[in-house]
Amino acid sequence: MQLSSNVVFRAFPKLAAGVALTVLVAACSDSGSDATKVSDAAGDASVNEVKIDPVTTAAVDLPDAEGDVDMAEVLKPGPMKEMFLGDPEAPVKIVEYMSMTCPHCANFHNGTFKQIITDYVDTGKVQFIVREFPFDPRATAAIMLARCAPEDKFFPMVDVLMQQQSNWARAQDAAAALFNISKLAGFTQESFNECLTNQKLVDDVNEVRKKAAEEFGVNSTPTFLINGKRYPGNMSVESMSALIDSLL
């Protein structure tokens, strides 16, 4: 299993320049759509609705795939160490692209993710890979801090950042909010500053996002690449479980 102050604001212009691809970022909202969307010059990309039986979870419709992806290409090593949970030989591979400031990603991680880990990852049926797709400088800073933490604290730090998303993502003093959370993972002011001014890490995070957008058609968060199919939008435990069961 892989477990896998002001300096922040001085670093943010660098981060902002790094994350500005040829895309426009749409606001992420908990109401309406179940994903944060990115659109290009051609216009907004549609996000399929996850269909959930409102009466019973015993007959949940499978979510609709938006398209196909080459999982062999998806699973090739990138510029950073892959952060995943589960057995690399598991029959179902899930790659999630997420933005740390997206409420839909937080909803997924604070709910569905934990149950999927218990039911399918810990039982050897799923390998779950988490990858970066930041929408803004704060999202980039947050995932950089998770990357800079000791490897065994990556997933715990992502968990805390998602649980406390409203406290730092919308805070007036993002530097202080992020530093307070980072101290839980052992960061000092010096290591915090060093992480957020690491240009190579900024570049690597953006390379992961750029490849996802250009090669795998990712344009919203969360987006899941599962055994050769692309599924945009948050999923309930019931919906994702039904999809995984159909692949076993």
Side-chain angles (χ1 to χ4, degrees), residues 4 12 14-30 33-40 44-48 50 63 65-67 69-71 73-85 93-110 112-113 128-148 154-155 157-159 161-162 165 168-169 196 200-226 229-235 240:
S4 341
F12 274 4
K14 181 186 293 183
L15 300 180
V19 300
L21 302 177
T22 56
V23 295
L24 302 173
V25 179
C28 186
S29 170
D30 281 320
S33 171
D34 59 357
T36 303
K37 293 190 290 185
V38 175
S39 57
D40 57 23
D44 289 339
S46 62
V47 176
N48 294 339
V50 176
E66 185 184 66
V69 293
D70 183 341
M71 285 303 287
E73 289 297 320
V74 170
L75 296 173
K76 284 184 177 179
M80 296 181 290
K81 187 170 185 176
E82 200 81 279
M83 292 300 180
F84 68 87
L85 295 170
K93 311 284 189 182
I94 300 177
V95 178
E96 179 199 4
Y97 286 94
M98 66 176 186
S99 175
M100 297 296 291
T101 53
C102 173
H104 307 298
C105 298
N107 288 341
F108 175 81
H109 273 265
N110 295 335
T112 301
F113 178 74
F128 201 108
I129 300 167
V130 169
R131 289 183 183 168
E132 299 82 353
F133 201 89
F135 281 119
D136 54 71
R138 290 189 184 199
T140 303
I143 199 62
M144 286 173 66
L145 289 166
R147 280 282 184 177
C148 289
F154 174 82
F155 280 100
M157 189 161 183
V158 168
D159 284 345
L161 287 165
M162 288 301 195
Q165 187 187 80
W168 62 267
L196 293 183
K200 183 181 186 308
L201 183 55
V202 175
D203 294 341
D204 288 347
V205 167
N206 287 305
E207 182 179 336
V208 170
R209 193 187 69 164
K210 185 173 185 287
K211 183 174 182 178
E214 294 181 352
E215 297 186 21
F216 309 136
V218 177
N219 56 25
S220 64
T221 59
T223 287
F224 305 94
L225 308 183
I226 305 176
K229 301 288 185 181
R230 183 175 60 252
Y231 300 88
N234 190 6
M235 290 192 203
M240 181 166 277

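Keep in mind that this is a model prediction, so the values were computed, not measured.
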*Asks:* May I ask you to test the L75-I129 pair for a side-chain heavy-atom distance under 4.5 Å?
*Replies:* yes

*Asks:* Tell me whether R131 is salt-bridged to E82, with the criterion being a basic N under 4.0 Å from an acidic carboxylate O.
*Replies:* yes

*Asks:* For the backbone of M235 and the side chain of T112, can you confirm whether one donor and one acceptor N or O come within less than 3.5 Å of each other?
*Replies:* yes

*Asks:* Heavy atoms, side chains only, cut-off 4.5 Å: are V158 and M83 in contact?
*Replies:*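 They are not in contact (no side-chain heavy atoms under 4.5 Å apart), so the answer is no.
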
*Asks:* R209 and P134: which non-hydrogen atoms are nearest, and at how many Å?
*Replies:* NH1-O, 2.6 Å

*Asks:* Taking the ring centre of each residue, are F108 and F224 less than 6.0 Å apart?
*Replies:*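 Yes, the ring of F108 comes within the 6.0 Å limit of the ring of F224, centre to centre.
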
*Asks:* Could you tell me if the side chain of V95 sits less than 4.5 Å from the side chain of F84, heavy atoms only?
*Replies:* no

*Asks:* With V205 as reference, evaluate L201, V202, D203 under the side chain to side chain contact (heavy atoms under 4.5 Å, CB included) test and give the passing residue.
*Replies:*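 Testing V205 for a side chain to side chain contact (heavy atoms under 4.5 Å, CB included) against L201, V202, D203 leaves exactly one candidate, L201.
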
*Asks:* Given 3.5 Å as the limit, does a donor-acceptor pair link the side chain of R230 with the main chain of F216, or not?
*Replies:*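 Side chain of R230 to backbone of F216, a donor-acceptor pair under 3.5 Å: yes, one is there.
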
*Asks:* Is it true that a side-chain atom of R138 and a backbone atom of M100 form a donor plus acceptor pair closer than 3.5 Å?
*Replies:*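 A pair under 3.5 Å: no.
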
*Asks:* Begin from the C-alpha positions of F133 and N219 and carry the test side-chain contact (heavy atoms from CB on, under 4.5 Å) through to its verdict.
*Replies:* CA-CA 9 Å; F133 201 89; N219 56 25; 5.9 Å; no

*Asks:* Ignoring hydrogens, what is the shortest heavy-atom contact between Y231 and K229? Give both atom names and the distance.
*Replies:*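 In this case the closest contact between Y231 and K229 is CE1-CB, 3.3 Å.
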
*Asks:* Between R147 and F154, what is the shortest heavy-atom contact and its length?
*Replies:*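 Heavy atoms only, the tightest pair is N-CD1, 4.1 Å.
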
*Asks:* Give the minimum heavy-atom separation between Y97 and A212, together with the two atoms involved.
*Replies:* CE2-CB, 3.4 Å

*Asks:* Answer yes or no: is there a side-chain heavy-atom contact under 4.5 Å between E215 and D70?
*Replies:*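 Contact flag for E215/D70 side chains = no.
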
*Asks:* Do you know the tightest heavy-atom contact between M162 and C105?
*Replies:* CE-CB, 3.8 Å

*Asks:* Salt bridge check, K210 against E207: does any charged N sit closer than 4.0 Å to a carboxylate O?
*Replies:* no

